[in-house]
Amino acid sequence: MSNLTGFVKRLRDIMRNDAGINGDAQRIEQIAWMLFLKVYDAKEQDWEWDDEDYVSIIPEECRWKNWAVDDRTGTAMTGERLLDFVNNLLFPTLKKLPVDASTPIKKAIVQTTFADANQYMKDGVLLRQVINVIDDLDLGDYEESHAFGEIYETILKELQSAGSSGEFYTPRAVTDFMAKMINPQIGEQVADFACGTGGFLTSWLKELSTKIVTTEDQVAYDTSIYGIEKKQFPYMLCITNMLLHGIDVPKIYHDNSLLKDVLDYTESDQFDVILMNPPYGGNEKMEVKNHFPADLASSETADLFMSVIMYRLKKNGRAAVILPDGFLFGTDNAKVAIKKKLFSEFNLHTVIRLPHSVFAPYTSITTNILFFDHTTPTEETWFYRLDMPKGYKNFSKTKPMELKHFEPVIEWWKDREEINEDGFDKAKKFAVEEIIAKNYNIDLCGYPHEEEEILPPKELIQQYQEKRASLNADIDRILAQITEILGIDLEEQ
């Protein structure tokens, strides 16, 4: 265990001296592909043990055990020779591994993981030192590999603060809470169509693992996850994360969930449970919007994902999805159409308003968790405002949200009642008729006396654009009602 403490720090100290590494994001990306190969090598040893006919997809000379392991006899490659091997043989070979539709997932992942991976280091002696630190991990030792799973988590957290690469980390407290409330059952499959580094999938596995009794249960558990990730780097981290969690066949695909016509999805594309935090704030091009029915074609990424979720949730399936405030208050045409579909075809039973800064430092936009199932149309929706824990002004990198901060919701969840504090609703139930009357503006049980958050310019612009779109939609609707009452045809004026 001792060699695990300070693992990340030791790597950082070595890499700081390498001219090829420019900043945190590159440093972590460099560590990531080596970790993948180390973890994959440990897996291959298990697979060879279980199946004597096992053949690696990686040519022998490129397998970790044959080039990276230093037996301390002075024969391990280092310096220019190591750099030449990694740059001119290892990378080109792994990027071009022969993969087709018949290649088993556990083999194909090597090629997809390396497709866009980068090797930044320029000093072969330092590269050898880094490889040795990584190779010292004993993943065959249960205790150590379990502890390493936790360390991997801290590596993923570091990413969050590594600039623009940090947008795919949902705080563990949030994914754990959502998985807990969804209550996974053996035999169910969960999907996340923008899975990032796999946080929701690992929370799901943790929650489901307590229910394994038989060997059949174990098989069902091993095949219970499905993920899609558009960006190469989080995809690589997610695959490694799943292998570390004992998932030998990680059904994680490097793809873009928005590039398929939603009307083409059939029952075989649907899942029992969907857990996700769709990317938001993105503006999608026309070619993406063309994959959606005209009334649901929004340019806001989170809206489009919401449609994908509705088309890919099985009958009687359950979902928990994180969405920004803009989705709740938005009354522009596409948002209203999406919410109309949600309320008329699904049962949106609960909306949890999250306190601000849950996602700090990545975004200051306030978010919400929507819990719904594909059973009956919605008749009533509960809203619950989760307040900042006592003594906290903000969550931050050093004081992140923890699962215990969800205790008030968990207690309320089982035995729901309306709560009013200082004249403001904290928990309240609304009939669907009231929601329709508000034109699906579901910005309810919000935060009273909200101090004006100073948002970064890009987020501020986005929020104002969403508010303007909603205002325009409201004005158009009211004008239409007035003209109808007065019997005036505005077109003729």
Check whether any side-chain heavy atom of [X] sits under 4.5 Å from a side-chain heavy atom of [Y], and report yes or no.
{"X": "L323", "Y": "F305", "result": "no"}
{"X": "L82", "Y": "I131", "result": "yes"}
{"X": "L90", "Y": "W33", "result": "yes"}
{"X": "P171", "Y": "P400", "result": "no"}
{"X": "S357", "Y": "M388", "result": "yes"}
{"X": "T301", "Y": "L304", "result": "no"}
{"X": "L11", "Y": "I134", "result": "yes"}

For [X] and [Y], work out which heavy atoms get closest and say how close.
{"X": "G446", "Y": "R385", "result": "O-CD, 3.2 Å"}
{"X": "V308", "Y": "S257", "result": "CG2-O, 4.1 Å"}
{"X": "T75", "Y": "D71", "result": "OG1-OD1, 3.7 Å"}
{"X": "F372", "Y": "V321", "result": "CE2-CG2, 3.9 Å"}
{"X": "D269", "Y": "F271", "result": "O-CE1, 3.4 Å"}
{"X": "Y152", "Y": "L244", "result": "CG-CD1, 3.7 Å"}

Using the six-membered ring wherever Trp is involved, compare the ring planes of [X] and [Y] and label them parallel, tilted or perpendicular (cut-offs 30° and 60°).
{"X": "F395", "Y": "Y392", "value": "tilted"}
{"X": "W67", "Y": "F85", "value": "tilted"}
{"X": "Y253", "Y": "Y226", "value": "tilted"}

So for atom NZ, which belongs to K230, do other residues, nucleotides or ligands contribute more than 12 heavy atoms lying within a distance under 6.0 Å?
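No, the 6.0 Å shell around NZ holds no more than 12 heavy atoms from other groups.
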How about CD on E80, more than 12 heavy atoms from neighbouring residues, nucleotides or ligands closer than 6.0 Å, or not?
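No, CD of E80 has 12 or fewer neighbouring heavy atoms, counting only those of other groups under 6.0 Å.
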Pairwise distance [atom1]([X]) to [atom2]([Y]) - rounded to 0.5 angstrom:
{"X": "L205", "Y": "M242", "atom1": "CG", "atom2": "CE", "result": "6.0 Å"}
{"X": "M276", "Y": "T170", "atom1": "CE", "atom2": "OG1", "result": "9.5 Å"}
{"X": "D373", "Y": "T350", "atom1": "CG", "atom2": "OG1", "result": "9.0 Å"}
{"X": "L354", "Y": "N368", "atom1": "CG", "atom2": "CG", "result": "6.5 Å"}
{"X": "W412", "Y": "I352", "atom1": "CH2", "atom2": "CD1", "result": "5.0 Å"}
{"X": "D222", "Y": "I247", "atom1": "CG", "atom2": "CD1", "result": "5.0 Å"}

Can we call the ring centroids of Y40 and W47 under 6.0 Å apart?
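They qualify: ring centres under 6.0 Å apart.
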Does a donor on one side chain sit under 3.5 Å from an acceptor on the other, for E216 and T214?
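T214 and E216 do have a side-chain donor-acceptor pair below 3.5 Å.
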Check whether NZ of the Lys or CZ of the Arg K43 lies under 6.0 Å from the centre of the six-membered ring of F36 and within 45 degrees of that ring's axis.
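Geometry flag: not set, cation outside 6.0 Å or 45°.
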Is the backbone N or O of [Y] less than 3.5 Å from a side-chain atom of [X], with the two atoms forming a donor-acceptor pair by type?
{"X": "Q189", "Y": "A191", "result": "no"}
{"X": "E207", "Y": "F177", "result": "no"}
{"X": "R318", "Y": "N183", "result": "yes"}
{"X": "E229", "Y": "D255", "result": "no"}
{"X": "H374", "Y": "G317", "result": "no"}
{"X": "Y280", "Y": "D303", "result": "no"}
{"X": "T240", "Y": "M236", "result": "yes"}
{"X": "K260", "Y": "Y265", "result": "no"}
{"X": "H405", "Y": "E402", "result": "yes"}
{"X": "S203", "Y": "F200", "result": "no"}

Determine whether K211 and D217 satisfy the following criterion, side chain to side chain contact (heavy atoms under 4.5 Å, CB included), listing intermediate values before the conclusion.
CA-CA 8 Å; K211 299 177 181 169; D217 292 353; over 6 Å; no
Which pairs count as salt bridge (charged side-chain N to carboxylate O under 4.0 Å, His left out) when at least one residue sits in residues 53-63, sequence neighbours excluded?
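Every pair satisfying salt bridge (charged side-chain N to carboxylate O under 4.0 Å, His left out) with a residue in residues 53-63: E44-R63, E48-R63, E60-R63.
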Would you please test L201 and V190 for side chain to side chain contact (heavy atoms under 4.5 Å, CB included) and show each step?
CA-CA 8 Å; L201 303 176; V190 68; 4.0 Å; yes
Apply side chain to side chain contact (heavy atoms under 4.5 Å, CB included) to Q26 and D18, showing your working.
CA-CA 11 Å; Q26 284 190 357; D18 191 294; over 6 Å; no
Decide side chain to side chain contact (heavy atoms under 4.5 Å, CB included) for Q111 and F114; before the verdict, give the C-alpha distance in whole Å, the side-chain angles of both, and the deciding distance to 0.1 Å.
CA-CA 5 Å; Q111 192 272 330; F114 272 83; over 6 Å; no
Working note: D13 + R10, criterion salt bridge (Lys or Arg N to Asp or Glu O under 4.0 Å); need CA distance, chi angles, decisive distance, verdict.
CA-CA 5 Å; D13 290 345; R10 295 217 300 288; over 6 Å; no
Between D123 and R16, does the salt bridge (Lys or Arg N to Asp or Glu O under 4.0 Å) criterion hold? Intermediate values first, please.
CA-CA 11 Å; D123 184 322; R16 200 167 270 147; over 6 Å; no
Salt-bridged, K38 to D41, with N to O below 4.0 Å?
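So K38 does not pair with D41 through a salt bridge.
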